[in-house]
Amino acid sequence: MQKRTLGANGPQVSAQGLGCMGMSISYGEPDDVESIATIHRALELGVDLIVTSDAYGNGVNEELVGRALKGRRSSALIATKFGNLSLAGITVPGLSGGHPDYVPQACNASLRRLGVDVIDVYGLHRVDPAVPIEETVGAMKRLVEAGKVRYLALSEAGSQTIRRAQKVHPIIAVETEYSLWSRDVEQEVLPTCRELGIGYLAYAPLGRGFLTATIKSVDVLLPKDRRRDQPRFNPDNLRHNAMLLAPLEKIAAERKCTPAQIALAWLQAQGNDIVPIPGTKHRSYLEQNVAALDIQLSSEELATLAGAFPVGVAAGTRYPEKQMKAVGI
Ligand SMILES: NC(=O)c1ccc[n+]([C@@H]2O[C@H](COP(=O)([O-])OP(=O)(O)OC[C@H]3O[C@@H](n4cnc5c(N)ncnc54)[C@H](OP(=O)(O)O)[C@@H]3O)[C@@H](O)[C@H]2O)c1
């Protein structure tokens, strides 16, 4: 397994991580048996970065990851997050998601659900507009000092917030959406990370399944699938977006691989500081995604893909309006 160093002084991790969110929420029906087998297969293949959050099913996903890693703790690096209270459905009287008194409570609950005594990468899932970032990261720093957390990360933070956070304690990674159809981070967030020596966890690298070229109509999604609420998957936008896929599918066909693999290979080619964390609950998809690490796209192929998916090409925002207000702050 190829390795990457997360940030200037962070840990070595596999060049691809495993996103576990969809094992419990959002996409299709959960299947805990296959999901746990997928986590085990990831570890066998050398994928050691296992990514979750307390918000995924209000702790359900952390519990699943904890069960899967029982007896295998030393083979994995656990990255979990806190502070996305609206997604988690949590309300804490008097405390918001980034409040310094809430941070240790959230961490203790995650440690308990995961069944571990230390979290490798602890991230702020969404910046709390009600709390200065210095106070939130200050509380996260105290968790490092207490030995409960090894490294710190931010998710969906804006550039200025990343700079301010880094002054309080080293941030080893920013976890934000990045894929062919979500390239806006190339403008500010990614250059900021590079300037500050911060690694990058590219979430939803398959465009939440769109870049697999298997979702060209919402009809293929289950009625309760969360993508139905996302603007890019609304029927009109998806019809437009599906027309973007032809060059991706052509390159995949020429190389006898899948569009998902080409989408991951494009992301890998954007820099060694980028660790994509594709999400799947199927061993077969995991194996295909890991195999994409061996694909080196030519400069012509990279240029074709970049030209076919310029910044802002997708119709529809990444999230519904309310959730869009919580990103990039
Ligand atoms: N920090 C944040 O705010 C944030 C937000 C969203 C996600 N994330 C993290 O990022 C991870 C990945 O993002 P994501 O899961 O939303 O989106 P994604 O990785 O872009 O796509 C996941 C979807 O693609 C499907 N898939 C995966 N590999 C495939 C393959 N080789 N062929 C065909 N289909 C394939 C999955 O199917 P199956 O599920 O059926 O296997 C699932 O429907 C999440 O698990 C989560 O850990 C973080």
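Counting starts at 1 for both ligands and their atoms, following the listed order. When reading the values below, keep in mind they use all heavy atoms of this one structure, side chains included, and skip hydrogens, waters and symmetry mates. These numbers were taken from a predicted model, which means no experiment stands behind them. Residues: numbered from 1 along the sequence shown.
The shortest non-hydrogen separation linking Leu264 to Pro276 is CD2-CB, 4.3 Å.
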Could you list each nitrogen or oxygen of ligand 1 that sits under 3.5 Å from a protein nitrogen or oxygen, with the atom names and the distance?
| from | atom 1 | to | atom 2 | distance (Å) |
| --- | --- | --- | --- | --- |
| ligand 1 | 1 (N) | Ser155 | OG | 2.8 |
| ligand 1 | 1 (N) | Glu175 | OE2 | 2.9 |
| ligand 1 | 3 (O) | His125 | NE2 | 3.2 |
| ligand 1 | 3 (O) | Arg126 | NH1 | 2.8 |
| ligand 1 | 3 (O) | Arg126 | NH2 | 3.1 |
| ligand 1 | 8 (N) | Tyr56 | OH | 3.4 |
| ligand 1 | 13 (O) | Ala204 | N | 3.1 |
| ligand 1 | 16 (O) | Tyr27 | OH | 2.6 |
| ligand 1 | 19 (O) | Gly279 | N | 2.8 |
| ligand 1 | 20 (O) | Ala204 | O | 3.4 |
| ligand 1 | 20 (O) | Pro205 | N | 3.4 |
| ligand 1 | 20 (O) | Leu206 | N | 2.7 |
| ligand 1 | 20 (O) | Gly207 | N | 3.2 |
| ligand 1 | 20 (O) | Arg208 | N | 2.9 |
| ligand 1 | 21 (O) | Gly209 | N | 3.3 |
| ligand 1 | 28 (N) | Asn289 | ND2 | 3.1 |
| ligand 1 | 31 (N) | Asn289 | OD1 | 2.9 |
| ligand 1 | 39 (O) | Lys281 | NZ | 2.7 |
| ligand 1 | 40 (O) | His282 | ND1 | 3.2 |
| ligand 1 | 41 (O) | Thr280 | OG1 | 2.6 |
| ligand 1 | 41 (O) | Lys281 | N | 3.0 |
| ligand 1 | 41 (O) | His282 | ND1 | 2.9 |
| ligand 1 | 43 (O) | Arg227 | NH1 | 3.2 |
| ligand 1 | 45 (O) | Gly19 | O | 3.4 |
| ligand 1 | 45 (O) | Cys20 | N | 3.3 |
| ligand 1 | 45 (O) | Met21 | N | 3.1 |

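Every side-chain hydrogen bond (donor to acceptor under 3.5 Å, both in side chains) that Glu134 has, sequence neighbours left out, goes to Arg164. Annotation: side chain to side chain contact (heavy atoms under 4.5 Å, CB included) contacts of Gln2 (sequence neighbours excluded): Arg4, Ala15, Leu293, Asp294.
Ion pairing of Glu63 with Arg67 is absent here, as no side-chain N (NZ or NE/NH1/NH2) approaches a carboxylate O to less than 4.0 Å.
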Distance-only check: which donor-acceptor pairs under 3.5 Å involve side-chain atoms of residues 38-51, not counting sequence neighbours?
| from | atom 1 | to | atom 2 | distance (Å) |
| --- | --- | --- | --- | --- |
| Thr38 | OG1 | Glu34 | O | 2.7 |
| Thr38 | OG1 | Lys281 | O | 3.3 |
| Thr38 | OG1 | Arg283 | N | 3.3 |
| His40 | NE2 | Ala68 | O | 2.8 |
| His40 | NE2 | Arg72 | NH1 | 3.2 |
| Arg41 | NE | Glu287 | OE2 | 2.7 |
| Arg41 | NH1 | Glu44 | OE1 | 2.7 |
| Asp48 | OD1 | Ser14 | N | 2.9 |
| Asp48 | OD1 | Ser14 | OG | 3.0 |
| Asp48 | OD2 | Lys3 | NZ | 2.9 |

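A side chain to side chain donor-acceptor pair (under 3.5 Å) with Glu156 is found for exactly one of Arg318, Arg126, Gln323, namely Arg318.
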